[in-house]
2 protein chains.
Amino acid sequence: MTIGGRGLHGHVLDTLGPSITAGEYPPGSVLRTDELAQRFEVSRSVMREAVRVLESMHLVESRRRVGVTVRPKDEWNVYDPQVIRWRLAGADRPQQLRSLTVLRSAIEPVAAGLAARHATSEQCAALTDCALGMIATSRGHQLEGYLLHDVAFHRIILTASGNEMFARLGDVVAEVLSGRTHHDVMFEDPDPAAVTLHVRLAEAVRARDAGAAEDLTREITVGALHELDILAP
Amino acid sequence: MTIGGRGLHGHVLDTLGPSITAGEYPPGSVLRTDELAQRFEVSRSVMREAVRVLESMHLVESRRRVGVTVRPKDEWNVYDPQVIRWRLAGADRPQQLRSLTVLRSAIEPVAAGLAARHATSEQCAALTDCALGMIATSRGHQLEGYLLHDVAFHRIILTASGNEMFARLGDVVAEVLSGRTHHDVMFEDPDPAAVTLHVRLAEAVRARDAGAAEDLTREITVGALHELDILAP
DNA sequence: GTCTTGAAAAAGTCCTACCTTATGGGTTTC
DNA sequence: GAAACCCATAAGGTAGGACTTTTTCAAGAC
């Protein structure tokens, strides 16, 4: 996932970031840069760079005479891909997965509706390819291949929406889907109903039927909500 | 908005960040830390901190022997509040406003539906207060007061949804609404229809009518889309 | 007893100086 | 023409000292 090794300060972040997002340091905890520098065996300058990054993520606040204090969770930049990855990798994973899935259920239907209006013919073709790939890999424990096409499918929808902010959620969706296959239980072949929905969605987009695209995507995301027992009665 | 003065590196960011998000340096442009340090009259250490932050926002990439290269726009962390503010303050403002408004139109209806299920009685009361405040300030050029209640109203909806990621969009919505009042043209009193929708939405949430809350919010956001001539036929 | 004042301590902030390391690109070699 | 080799370059990292802000707390004033 993360390259991780973009400099020494990156290494520090890879350890310190997850610790904070995992709630290892309760809000208000105070860290001192020199102490951290010693602990991670880096110079103060490197430590300061790491703190600056954490600060820009609103995970911590650095104040004179006080130190580096950990901020309460509701002030974090929860849309930062790095923060999302850290949370998905740690104890906070279940909640992060739930909130992301709810986010998907809000975004993706609208994105699909827009995609039906704005998708290029190349994007329509690619979408169909992915759907066909999903069919081909939906049986016989080809989970990896299925995941690949599933991720690509949703990425195309988000990109084709023409909204830059939707497009940037592609990585997040990829992370969620891949987590479902790898991290969580998914022994059996994917639900045939889900495959069908994707195929019909590809058709709807190609047919420029925004309403159908939106509804079909809503069905897909409702399925995802149910997988996590998030009730939507 | 931004405090801006959290250290020298913050000052550098306040200048350099907007320059980049405004597209002043085309993607692939190369900057050198030493040169930047001279230009901003700061030490290399401070400059490196600033670069680290820009790097964590995926605005630039720093590589040895090459320099600090500006990344293409579609790799930026467009959900970073800082980046959003920079873009709203610069030449990119129109597009940023459009994509944010589309984002709102996806998120807020779902958030309102959830709020109708999860809002506490305090939140319901606060919502009603805001709606009443909006009525009271909807006539006689009390735009500032109206804005205050409007922002508070949407913040409560997003928070009451119970989804941390929705909640964190409160600042963004505030920025958009305040921009509409201040930056853009808004001479006249707000649309009475909008006020009515907010009042009915507060009632729907209080009545735990998720469907109505979602529909009403959809009407509100459709209005916002129309203000920006974003067609949704 | 409460309030003001001011000194001291703590921790971040910034700077300077110097050294290390990776790497892109040019040059040589086969 | 491809592969090996060099080297100038710009970032990466270290060390430490001087400065600033903010908190704390104690002494003195009212």
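Just so we're on the same page: letters track the sequence lines, and every chain starts at 1. None of these values were measured; they are calculated from a predicted model.
The residue A:Arg48 sits close to a base: some heavy atom pair falls under 4.0 Å. Base engagement by A:Arg44 is indicated by at least one non-hydrogen atom pair under 4.0 Å involving a base atom.
Looking at residues two or more places apart in sequence or on another chain, you find no ring pair (Phe, Tyr, Trp, His ring centres under 6.0 Å) involving B:Phe166. In this structure B:Glu61 satisfies the side-chain contact (heavy atoms from CB on, under 4.5 Å) test together with B:Arg63, B:Thr69, B:Arg71, sequence neighbours excluded.
Distance check: A:Tyr146 OH to A:Ser138 OG gives 7.0 Å after rounding to the nearest 0.5 Å. Note that CG of A:Asp150 is 4.0 Å distant from CE of A:Met134, once rounded to the nearest 0.5 Å. Distance check: B:Leu169 CG to B:Ile84 CD1 gives 8.0 Å after rounding to the nearest 0.5 Å.
When DNA chain D is scanned 5' to 3' for any atom under 4.0 Å from a heavy atom of chain A, the first and last hits are D:dG13 to D:dT23. Scanning DNA chain C 5' to 3' for nucleotides with an atom closer than 4.0 angstrom to a non-hydrogen atom of chain B gives a first and last hit of C:dC14 to C:dG24.
A salt bridge links A:Arg155 to A:Asp171: one of the charged nitrogens lies within less than 4.0 Å of a carboxylate oxygen. A salt bridge is absent between A:Glu49 and A:Arg52: the closest approach of a Lys/Arg side-chain nitrogen to an acidic carboxylate oxygen does not fall below 4.0 angstrom.
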side-chain contact (heavy atoms from CB on, under 4.5 Å) assessment of A:Trp86 paired with A:Met57: CA-CA 12 Å; A:Trp86 288 339; A:Met57 295 169 172; 3.7 Å; yes

Intermediate values then yes/no, side chain to side chain donor-acceptor pair (under 3.5 Å), A:Glu164 and B:Ser99: CA-CA 7 Å; A:Glu164 45 174 11; B:Ser99 53; 2.7 Å; yes

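Counting only distance, with no hydrogens or angles, the side chain of A:Arg168 and the backbone of B:Glu75 share a donor-acceptor pair below 3.5 Å.
For DNA chain D, the neighbouring residues in residues 29-40 of chain B, judged by any heavy atom under 4.0 Å, are B:Leu31, B:Arg32, B:Thr33, B:Asp34.
Both A:Arg63 and A:Val46 lie close to DNA chain D; mapped to their nearest nucleotides by heavy-atom distance, the more 5′-ward contact belongs to A:Val46. Both A:Ser45 and A:Arg64 sit near DNA chain D, but only A:Ser45 has its closest nucleotide nearer the 5' end. Residue order along DNA chain C, read from the 5' end via each residue's closest nucleotide, puts A:Arg65 first among A:Arg65 and A:Val51.
Comparing the helix axis at one end of the helix from C:dG1-D:dC30 to C:dC30-D:dG1 with that at the other, each defined from 5 consecutive pairs, gives an inter-axis angle of 10° (nearest 10°).
Atom CD of B:Gln38 is surrounded by 12 or fewer heavy atoms from other residues, nucleotides or ligands within 6.0 Å.
Residue A:Gln123 comes nearest to A:Ala160 through the heavy atom pair OE1-CB, 3.5 Å, listed as atom of the first residue, atom of the second, then distance. When all heavy atoms of A:Ala202 and A:Ala131 are compared, the pair lying nearest together is CB-CB, 4.3 Å.
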